[in-house]
Amino acid sequence: MHIEIRHEGFSAWEILAHYEAQRAEEMHGNFGATAVFVGTMRDFNEGDDVSVMTLEHYPGMTEGYLARICEEAELRWQIQDSLIIHRVGDVRPADAIVLVAAWSAHRADAFDASRYLMEELKSRAPFWKKEQLNHGDERWVEKNTPDPGAERLGKEMKNKKKGM
Amino acid sequence: MHIEIRHEGFSAWEILAHYEAQRAEEMHGNFGATAVFVGTMRDFNEGDDVSVMTLEHYPGMTEGYLARICEEAELRWQIQDSLIIHRVGDVRPADAIVLVAAWSAHRADAFDASRYLMEELKSRAPFWKKEQLNHGDERWVEKNTPDPGAERLGKEMKNKKKGM
Amino acid sequence: MTIRVKFFASLREQVGISEQDLENDGVGTVDDVWLAVTDNQVMPANVLIAINMEYVEAGTTVTDGDEVAFFPPVTGG
Amino acid sequence: MTIRVKFFASLREQVGISEQDLENDGVGTVDDVWLAVTDNQVMPANVLIAINMEYVEAGTTVTDGDEVAFFPPVTGG
């Protein structure tokens, strides 16, 4: 498991190449399926052009919840490893915001786990986005839209959770 | 859309970095979600150690079906681009066999489309695997196991398909 | 008792406080902490609350030394 | 008429033919092509068939110049 809050820009593909190279000996030949999701900044939202986005987080709590979400995924699916990298600070269009990955022997587990990681991150990890629009205004993004296809993944685990 | 049959080894992450760099101007800021799947060779299958696997394909038909599968995904979900790279020839444990990717403005579409690409590729694209076991025997892999989580993705499209 | 109170994102801007130590023996629940720190403002319905970095409900009891955080719906990813 | 016949993977090894041009005016369907090329072997139940690189059923009619391929269940990915 690897969790990281990044204050500087990153390339998802470089991180994955580096991470897998580091773990090559341990992982060699024992996984067959890697599912990855990368969220990048778009230059529009709700009909407006966005030039810069500032990502805030709650240091300590954020890392705690990201680790917990990975642990839940590792309990729930047959995955050998999971990774979450999330950017904070000022990001610009096309910059990577989030990278999640799940490694498994089975493709169904890798797909389900990566989607679960994203959904739980978006609904529980304390991050907030403020957009700077091209015409100078600022606004906070009010909420994340849930992924209907991820609903079936969250249910069982949510019943076990206290509070949220 | 990009389809490729590779006769040599490849790094999924290098291909993605290169592909996105090539398309950077066109794609800049207009997608927010990238879902990727990489299938790699395991060093075991059905309880046996596997040292080498030979991948055969039907030149022409394979490329045709991969392109068709991408086209179906692009019709069905809101995705801006899709990619399939598949290895043929002799592969060894930890080598990449397949890379699929889908780029979208929405994470649900990216997740669904990438899973659909994998499922259709595994059920329709003419590739075959022969395993060389460590103790010297050879055997053909008899069939792929379907991904139960991908069932809901295939149905609608399958009804429209003639034959297979 | 001492409670460390934190606000994040739009709520930090609205309340005008990032972090504050509340010294007050009259607070029993998270609700009380909110009222004491915000000068009796009404708590918005969608506020999320954490005690010591764990999500809790507004009625949860606070203890000396707790860190209580208030923030709007999360929007990461 | 001329039909180009191809076999792939385990079926290629079993039948012992990779590619063969069948010159025969007595073939009407894919089934007939199979019987003519394999010397009347029984077609395994799980064989997949393509004419001109499109999946078809065993009863499909062949036309002069067609490429007919027989292969086992696919196992890519």
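Just so it is clear, the model here is predicted, and its values are computed rather than measured.
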- Query: Could you walk me through whether B/R115 and A/R115 pass the side-chain contact (heavy atoms from CB on, under 4.5 Å) check?
  - Reply: CA-CA 11 Å; B/R115 198 163 187 165; A/R115 197 163 188 166; 5.7 Å; no
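Between atom NE2 of residue A/H28 and atom CZ of residue B/R42 there is a gap of 13.5 Å, rounded to the nearest 0.5 Å.
Enclosure of atom CD in B/Q78 is not indicated, since only 12 or fewer non-hydrogen atoms of other residues, nucleotides or ligands lie within 6.0 angstrom. Within a 6.0 Å radius of CD in B/E142, no more than 12 heavy atoms belonging to other residues, nucleotides or ligands are found.
B/A105 touches chain A through backbone and side chain together, each having a heavy atom under 4.5 Å away. Neither the backbone nor the side chain of B/E14 comes within contact range of chain A; no heavy atoms are under 4.5 Å apart.
In terms of non-hydrogen atom pairs under 4.5 Å with chain B, the most contact-rich of A/A12, A/A17, A/G149 is A/A17. For the set B/V98, B/V38, B/D112, the count of heavy-atom pairs under 4.5 angstrom toward chain A peaks at B/V38. By number of non-hydrogen pairs under 4.5 angstrom with chain B, the leading residue of A/R107, A/K122, A/M118 is A/R107. Of the residues considered (A/F37, A/F44, A/F31), A/F37 shows the highest number of contacts with chain B, using heavy-atom pairs under 4.5 Å.
Shown here for B/T40 and A/A33, the closest heavy-atom pair between the two residues is OG1-N, 4.3 Å.
Inter-residue side-chain proximity for B/S114 and A/F111 is flagged as met; some heavy-atom pair is nearer than 4.5 Å.
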